[in-house]
Student: 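Here it is, the structure, as structure tokens.
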Amino acid sequence: MELIQTHQSDGVLTIVIDRADKKNALTRDMYQSMADAIRSVKDEPSIKVIRIRGEGSCFTAGNDISDFANRQDGEHVGETAAFMTALADTPKVVVAEVHGLAVGIGTTLLLHCDFVYCATNTRFVLPFINLGLVPEYASSYLLPRLAGHRKAAEWLMLGDPFGADEACHFGLVTQVVEPDALTSTVNDVCAKLVGKPAFSLVQTKYLLKNDADDIQQQMNEELDVFIEAMGTEAAREAFDAFLKKRPINPEKFK
């Protein structure tokens, strides 16, 4: 079964992360599939909106740690970077439908969406530091501008989960809705967007994203440091502890 499902209808490309048995954890092939789907409609006039959602009980648990750990430094970064760039650069309006867990890139990808609707039961977490890693996807650039330095530092330096209301208060999500109203809310928003004039919709997004070059530069710098961090003793210890379901040795985090 394809782990990324896509379909087009009524001016909307829907991308579904469909690996519910693994909490929609993302592998290299899944990143590439999403990148390809986004790029496939870049110049398609019949598509005005890209909708991203997760199947099952959560949005996504982030990277598949086993896939992530069992590789050489920098290997398969290409697929992840392809998805990051495709989403950040698309001229289409992007709407995210989020519920359950949104871990790691499950949270940072939302920074590149135009609308984010989440259920009241959503839990966000940016656990990079707990894995011996560093922020990615320009989150170290975008989060301080969105939520302020102190809140961004709390999210990125402590790596603790936070809830839907906090995410909404600090601008990470557009609106929090009850779980049973999430899909209908996103349906209504997508329909409204599809009804807008195409030129005005694209150009309004372009004008809003006037720091695209700075974002791309930060993404590149973060990726370089991220790859370096993956080779540290702390990251190797964190991955091994996670895979073996054992406590982390704090001596290796010094």
Side-chain angles (χ1 to χ4, degrees), residues 4-18 31-55 59-60 81-99 102 105-119 122 137-139 141-143 145-147 164 167-178 180-219:
I4 298 296
Q5 303 287 339
T6 64
H7 63 270
Q8 299 181 21
S9 178
D10 299 324
V12 180
L13 166 68
T14 299
I15 298 174
V16 183
I17 308 170
D18 191 7
Y31 278 120
Q32 191 62 59
S33 295
M34 290 191 291
D36 293 343
I38 293 168
R39 288 172 174 163
S40 72
V41 298
K42 183 175 182 180
D43 299 314
E44 175 51 62
S46 66
I47 299 297
K48 291 183 178 180
V49 175
I50 296 173
R51 177 181 188 168
I52 304 175
R53 67 177 183 85
E55 196 59 81
F59 183 56
T60 172
F83 166 68
M84 290 178 171
T85 301
L87 181 59
D89 290 350
T90 184
K92 307 300 181 179
V93 178
V94 182
V95 181
E97 179 181 333
V98 186
H99 70 290
I105 199 165
T107 293
T108 60
L109 75 83
L110 303 177
L111 296 167
H112 301 273
C113 298
D114 302 292
F115 296 82
V116 179
Y117 295 88
C118 79
T122 308
Y137 214 169
S139 56
Y141 175 87
L142 292 168
L143 280 176
R145 286 158 178 77
L146 184 71
C168 189
H169 178 76
F170 287 96
L172 181 61
V173 304
T174 306
Q175 184 181 345
V176 179
V177 299
E178 293 298 326
D180 59 1
L182 180 61
T183 296
S184 61
T185 297
V186 175
N187 286 343
D188 290 345
V189 170
C190 289
K192 287 180 182 179
L193 289 166
V194 169
K196 304 301 180 185
F199 176 84
S200 298
L201 196 62
V202 170
Q203 294 303 317
T204 299
K205 173 162 179 168
Y206 171 77
L207 292 168
L208 283 167
K209 292 174 67 73
N210 62 3
D211 57 351
D213 291 342
D214 292 334
I215 290 172
Q216 186 61 57
Q217 180 179 344
Q218 190 75 359
M219 283 171 57

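Residue numbers start at 1 and run along the sequence shown.
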Student: Hey, what do you get for CZ (R53) to CG (L182), rounding to the nearest 0.5 Å?
Tutor: 10.0 Å
Student: Would you please test I52 and V98 for side-chain contact (heavy atoms from CB on, under 4.5 Å) and show each step?
Tutor: CA-CA 8 Å; I52 304 175; V98 186; over 6 Å; no
Student: Closer than 3.5 angstrom, by distance alone: can the side chain of T90 be matched with the main-chain N or O of L87 as a donor-acceptor pair?
Tutor: no
Student: Rounded to the nearest 0.5 Å, what's the gap from CZ on F199 to OG1 on T204? Could you check?
Tutor: 9.0 Å
Student: Is the number of heavy atoms from other residues, nucleotides or ligands within 6.0 Å of CG (D213) greater than 12?
Tutor: no
Student: Would you name the heavy atoms of A96 and L110 that are closest together and state the gap between them?
Tutor: CB-CD2, 3.6 Å
Student: Can you tell me if S184 uses its side chain to pair, donor with acceptor, with the backbone of A181 under 3.5 Å?
Tutor: yes
Student: What do the steps show when you test Y141 against I215 for side-chain contact (heavy atoms from CB on, under 4.5 Å), and what is the final call?
Tutor: CA-CA 7 Å; Y141 175 87; I215 290 172; 3.8 Å; yes
Student: Among residues at least two apart in sequence or on other chains, which ones pass side chain to side chain donor-acceptor pair (under 3.5 Å) with Q216?
Tutor: N220
Student: Could you check K92 against V12 for side-chain contact (heavy atoms from CB on, under 4.5 Å), going step by step and ending with a plain yes or no?
Tutor: CA-CA 10 Å; K92 307 300 181 179; V12 180; over 6 Å; no
Student: Under the 3.5 angstrom rule, does the side chain of T107 hit a backbone N or O of A102 as a donor-acceptor pair?
Tutor: yes
Student: For the atom pair CG (L193) and CG (L201), what is the distance rounded to the nearest 0.5 Å?
Tutor: 6.0 Å
Student: Can you give each donor-acceptor pair under 3.5 Å made by side-chain atoms of residues 38-45, sequence neighbours left out, with the distance rounded to 0.1 Å?
Tutor:
from, atom 1, to, atom 2, distance (Å)
S40, OG, A37, O, 2.7
E44, OE2, S46, N, 3.1
E44, OE2, S46, OG, 2.7

Student: For F59 and I17, work out which heavy atoms get closest and say how close.
Tutor: O-CD1, 4.1 Å
Student: How long is the gap from CG on L142 to CG on D211, to the nearest 0.5 Å?
Tutor: 7.0 Å
Student: Do you know the tightest heavy-atom contact between D18 and Q5?
Tutor: OD2-CG, 3.5 Å
Student: If you define the side chain from C-beta out and look only at heavy atoms, does anything of L172 sit under 4.5 Å from V116?
Tutor: no
Student: Indicate yes or no for a side-chain donor-acceptor contact from K196 to the backbone of K48 under 3.5 Å, with no hydrogens or angles considered.
Tutor: no
Student: Please collect all side-chain hydrogen bond (donor to acceptor under 3.5 Å, both in side chains) contacts where either partner lies in residues 108-118, sequence neighbours excluded, each pair once.
Tutor: T108-E136, D114-K205
Student: Working to the nearest 0.5 angstrom, can you tell me the gap between I4 CD1 and M34 CE?
Tutor: 4.5 Å
Student: Side chain of Y137, backbone of M84: donor and acceptor closer than 3.5 Å?
Tutor: yes
Student: Could you tell me whether D10 atom CG has more than 12 heavy atoms of other residues or ligands within 6.0 Å of it?
Tutor: no
Student: I'd like to know if the side chain of D214 pairs up with that of Q218 as donor and acceptor (distance under 3.5 Å, no hydrogens or angles considered).
Tutor: no
Student: Nearest 0.5 Å please: distance from the CD1 atom of I47 over to the OG1 atom of T14.
Tutor: 8.5 Å
Student: Considering non-hydrogen atoms only, spot the tightest contact between R51 and C190 and give its length.
Tutor: CD-SG, 4.2 Å
Student: For V94 and C113, work out which heavy atoms get closest and say how close.
Tutor: CG1-SG, 3.6 Å
Student: What closest approach, in Å, do C168 and V176 show between heavy atoms, and which atom pair accounts for it?
Tutor: CB-CG2, 3.7 Å
